[in-house]
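As structure tokens, the structure follows; a few thoughts come after it.
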Amino acid sequence: MVLRSQTEDDDFALNACIENARNVTHILKAVHFKDTATVFATENGLKVTVEDSKCIQGNAFIQDQVFQEYSIRDEALTFQINLDILLECLNIFGSSNSTTTMRMMYNGYGTPLVLTLEEDGAVTDCSIRTMEAEETLDFEFTAANVVNKIIMKADCLREAFNEMDASSEVLQITMSPDPPHFRLATFGLLGQSHHDIPKNSDMVEYFECNESLTNRYRLNLLKPSVKAVNLACKVCVRVDHRGFLSLQHMIKNENGQICFVEYYCCPDEEFDEPATT
Amino acid sequence: MRFRAKVVNIDCIHHFTNVVNTISKLLKKCSIRLTKEKMFFILPDQVANGGVSMWCELKQANFFDEYQMDGVNKNELNEIYLEIVAENLCRAIKSANNAKSLKIKLTKKQVPCLTVEIELPSLSSTARIVTHDIPVSVIPSALWGEYQEPEMPDFHVSLCLPPLKTVKHIVERLKNLSSYLTLSGNQEGDFALKVETELVSATTRFSDLEIPPYDPDGDSQAPSKLWPPSEMASARIDVKKLLQFLAGQQINPYKVICNIVDQSAVHFFLVHDDISLQYFIPVVAV
């Protein structure tokens, strides 16, 4: 492994440097539910996408301003990488007392992702194989098609998710202009249970529901999004007329900068009957 | 054969507990050798251990307030060798956290045992005593030859490791990337840990590490004297064995010396006032 000199650095297609690697690791952990991730790099920053079963997608956005240095030669670069390995490397020093500096370099199709991490005089060089990026799902979720939207403090959603009955196969979400305005319901071995958040709760910052909609989602698919809720300060829940769910998590990093992690989930198709509330 | 020892000082009890805990993390079965001056914990080099071996010795006077040892006979065989499951000793001593005293003696129950008697603080006038009987097997003197102190290997490079906590964290991460790790170092204080697989190659480097002074009896033909100072000596070892050594450390050593025999083995030497521990990991066949 050759340590690259400064002049050679300038030739990389993507070259980014951050003083505190935790600001990257933190966000990536919020979408770490499968071992493979697709990385998209543009001049605005990085987007890391993880998918499962063609039903759920997690996207982590790390904008270029989070990095101390960020340069990209081409318009857009994309590759697939093993997220387990990437996180092990990023965490190699893993100290909570001092910070690890990280430089990330990528030179285009077929080349490995090169990381240099440094802490307290020790240096780690990693070269991680990249793979051909497979197409990621387009959930075709647009703001124009949003029927219901609620922004709430992450604390109340965190509480609701942590108390959820894990024996339920589905999570039923109701969003409505009429009470109960926001309801999370489960149907498990112990019976039915629901968690309501009324629109006038001081946990709710924005409430706009045009229609009463109830949809069910596979609970085990939605579970990974709890990682994001646990890190977030605010969450925006949106649902469109097809019942597709979008959860946008606003996460503050150690420098106080805001990063977003978004999850999309499609509704459970086996659910045909009207909801019983 | 007789053996009785007693510790009363709580710091010495904790110290002894730390040694036993470290040993039990490193090996399952352990041999204990008792002499007039020292107590040894030994794992001899055997194929069954994957070639790993360990030698730990402590001066009994630094730990025990009372110590009586009468070996097999009063002459050349004035020692006792026992085989014990290390974890059993570790578990027995766990109760000694707040003890007023810790006694260890060799007894004969239905089988030979090392009996650990721990006196705990008690509010009433009668003492509270916890007793553990740990079965041991006595190693006959004919086999004592297998338990000799290992010779200092003909290493090419010797250096002091960076803080164990840091190294342990790194090796824990590297273990998730590969089963084998190449450890290398040179006489100028550079040290590296590297894993390489199809999917990833990761190397952590340290520099300016301390070089322990060692003069192999003025032997100018010693491998270390002939080795070019800036050249890295390396050994590819099983990462789990390295992690076992690092994770078990509760002794808080003054220094950990790492000796590398190029392409052959890694030898760790923990230096502490009262104890010395050596741990030897051979390379993995490619």
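To find a chain, count down the sequence lines: A is the first, B the second, and so on, and within it residues start at 1.
Within 6.0 Å of atom CG in B/Asp208, 12 or fewer heavy atoms from other residues, nucleotides or ligands are found, so the atom counts as exposed in its surroundings. B/Phe40 CZ: more than 12 foreign heavy atoms inside a 6.0 Å radius. Taking a 6.0 Å sphere around NZ of A/Lys223, one finds it holds 12 or fewer heavy atoms contributed by other residues, nucleotides or ligands. Within 6.0 Å of CD on A/Gln80 lie more than 12 heavy atoms contributed by other residues, nucleotides or ligands. Sparse packing is recorded around CD of A/Glu19, with 12 or fewer heavy atoms of other residues, nucleotides or ligands lying under 6.0 Å away. When the shell of 6.0 Å around NZ of A/Lys234 is examined, it contains 12 or fewer heavy atoms from other residues, nucleotides or ligands.
Using a 4.5 Å heavy-atom threshold, the side chains of A/Glu88 and B/Leu174 count as separate. Counting heavy atoms from C-beta outward, A/Cys89 and B/Leu177 have side chains that approach closer than 4.5 Å. The closest side-chain heavy-atom distance from B/Thr204 to A/Ile92 is below 4.5 Å.
For B/Glu196, no part lies under 4.5 angstrom from a heavy atom of chain A.
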### Task
Could you check A/Glu119 against B/Thr166 for side-chain contact (heavy atoms from CB on, under 4.5 Å), going step by step and ending with a plain yes or no?
CA-CA 10 Å; A/Glu119 183 186 298; B/Thr166 310; 5.9 Å; no
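A distance of 9.5 Å separates CG of A/Asp120 from CZ of B/Phe206, quoted to the nearest 0.5 Å. Between the NZ atom of B/Lys194 and the CG atom of A/Asp125 there is a distance of 10.0 Å, given to the nearest 0.5 Å. Atom CZ of residue B/Arg173 and atom CG of residue A/Leu87 lie 10.0 Å apart, to the nearest 0.5 angstrom.
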